[in-house]
There are 2 protein chains.
Amino acid sequence: MESAEILFSENGFDGTSVRDIAEKAGVNLAMISYYFGSKEKLMESIFHYRSERLTDQLNQMLRDSLMSSMEKINNLIDSYIDKFLQQTCFHRIMVREQLTNAKGPMGEMILKVKTNNYNLINQLIKEGQKRGEFTKPIDIGMMMATLIGTVNHILSTQHYYRDMENLQDLSEEQFRKHIRKKLSVHLKSLFKSSLIH
Amino acid sequence: MESAEILFSENGFDGTSVRDIAEKAGVNLAMISYYFGSKEKLMESIFHYRSERLTDQLNQMLRDSLMSSMEKINNLIDSYIDKFLQQTCFHRIMVREQLTNAKGPMGEMILKVKTNNYNLINQLIKEGQKRGEFTKPIDIGMMMATLIGTVNHILSTQHYYRDMENLQDLSEEQFRKHIRKKLSVHLKSLFKSSLIH
DNA sequence: GTTTAAATCAAACATTTGTTTAATTTTGCA
DNA sequence: TGCAAAATTAAACAAATGTTTGATTTAAAC
C-alpha cells in the first residue's frame, strides 16, 4: 500500500503497473491480486485507510469549546495544510481522482469525506456568526473551495512555485517549512478579512 | 485533437488508448501515428494549440491603460473563470498534467505559461500599489494560487459541489452560469478585501 | 514429526497497448 | 487520361498489461 501510494501519486493510477508496485514493495507480482483482489481494490484499500483518519481529527478539534471561532478557523487552516504536507502522496491521488471518478466506489468515498467536512465548517461558521465574531456574510462553499483549492494548487505544483519564486537553493525540508508558513499566513489573513469587517 | 482532448480530460492520458481516440474521431487507428508521430506528440500538439492563445489575450487586456488597477484585477478574474469554463477539457488536462510531468516537454510548456502569467500579474499589482490604489501589502504568489486554485478546484469538482449545494435540478447551462457568478463575486470580494483596507 | 493451511513464487494466460507495415484508395496536377 | 504523391486502410507487430494457475515453501497446530 505504501509503495502503491507513492507510485500512484507520481504517475497516476493508469500510469502505474502492478509490476512497478510489486517491485518497489519487494514482493511477488501475484501477491497483489492474492491479498487485495485487484489493482482497483488495492487503490480502494489505500483510500479507505487514509480517509478513515481524515475526519476524526477535524471533528474533535471543532468540538473544543474553549477556542473562539476565529481560533478554530485558524486551527482548521493549519491542520488542513499539515494534513496535506504529511500525506502529500495521498492528497495528490485524491486531487487526481477527483478529476475522473465522479461515479464508482471512489467517487462515493470522496463525496462522503467532502460532505462531512462541508457540514463541519458550515456549522463552525454559523456558530461564529451567531456569537457575533464573524460580522461579514460569506459564501461558505466558495470559501471552502478557496481553502482547499489554494492548498491543493500550491502543493500539487510545488515544483513550478519553487522555480518562479527562485527558491531552488532551499533544501526539501526548508522549502516545506517555507510554503507551510506562507500558506498559513496567507489563508488566515484571507479568512480574517473575509469574515470580519 | 478534439476527440483526444475530451478523452484525455475524462480518463487521463494513460487512461485513454489511441484506439479510443481513433474511434471517437471516426478515423483509422494508424492515422494518429501518421499525422502526429505518436500519442505523446498528439498531446503536445493539443497543448501547443491551446496554450498559444492563452497568454495573448491576457497581455492585451493588461496593457489597456484606461482601466483602473482594480478594474483590471476584476477583469483578470472574470477572464480566467471564462477561459476555464470555455475550455474545461483542456484545463482539466492541465490540472492533471501539473500533478505529474514536472520534467519533460509538457512540464516546460506549463512552466512557460505559468511564468508569463505570474510576471503579468506581478506587474499589475505593483502598478496598483504605485498608483496608491492597493493599500495593503500582498503575497502575489499566494494570491495567484488562490485565484487559480479556487477556480480549478470548483471546476474540477463541479459534480461534488453540485451535490453538496443541492443544485441537481439546474440544467447544465444554468449550473455553469451559477458557478461562474458565484466564483466571480467570491474572488472579486476576496481580492478587494486583500488589496484595499 | 506429521499434517494442514497459508504464503510465496515463477510461469503462463489472455487482453490491451502504441506503433509499423505494406497494400489500397484518393487526390491533385500535367 | 495518366501518374506521382498523399491519404487511408486492415493486418500484424512486439511489448506491456492485470490476473490466474499450479507448484513450492513456510508456518502453525496437534
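Relative ring orientation between B/Phe84 and B/His91 is described as parallel, the plane-to-plane angle staying below 30° on a 0-90° scale split at 30° and 60°.
Straight-line distance from the CG atom of A/Asn28 to the P atom of D/dT21: 16 Å, rounded to whole Å. Rounded to whole angstrom, the span from the OH atom of B/Tyr34 across to the P atom of D/dA5 amounts to 12 Å. Between the CD atom of A/Glu23 and the P atom of C/dT8 there is a distance of 18 Å, rounded to whole Å. Between the CE atom of B/Met31 and the P atom of C/dT20 there is a distance of 15 Å, rounded to whole Å.
Checked for salt-bridge contact, A/Glu127 and A/Arg131 meet the test: a charged N lies under 4.0 Å from a carboxylate O. Remark: A/Glu172 engages A/Arg162 in a salt bridge, criterion side-chain N to carboxylate O under 4.0 Å. The pair A/Glu23-A/Arg19 does not count as a salt bridge, with every side-chain nitrogen at least 4.0 angstrom from each carboxylate oxygen.
With hydrogens and angles disregarded, no donor-acceptor distance shorter than 3.5 Å links the side chain of A/Ser33 to the backbone of A/Ala30.
In summary, the side chains of B/Lys83 and B/Ser79 do not present any donor paired with an acceptor at a separation below 3.5 Å, with no hydrogens or angles considered.
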Any N/O pairs under 3.5 Å between the protein and nucleotides 22-26 of chain D? List them or say none.
none

Output one line per pair: protein atom, nucleotide atom from nucleotides 17-19 of chain C, and distance, for all N/O pairs under 3.5 Å.
residue	atom	partner	partner atom	Å
C/dG18	OP1	B/Thr16	O	3.3
C/dG18	OP1	B/Lys39	NZ	2.7
C/dG18	OP2	B/Val18	N	2.9
C/dG18	N7	B/Arg19	NH1	2.8
C/dG18	O6	B/Arg19	NH2	2.8
C/dT19	OP2	B/Lys39	N	2.8

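Every side-chain hydrogen bond (donor to acceptor under 3.5 Å, both in side chains) that A/Asp82 has, sequence neighbours left out, goes to A/Arg180.
Aromatic ring centres of B/Phe90 and B/Phe8 lie farther apart than the 6.0 Å criterion allows.
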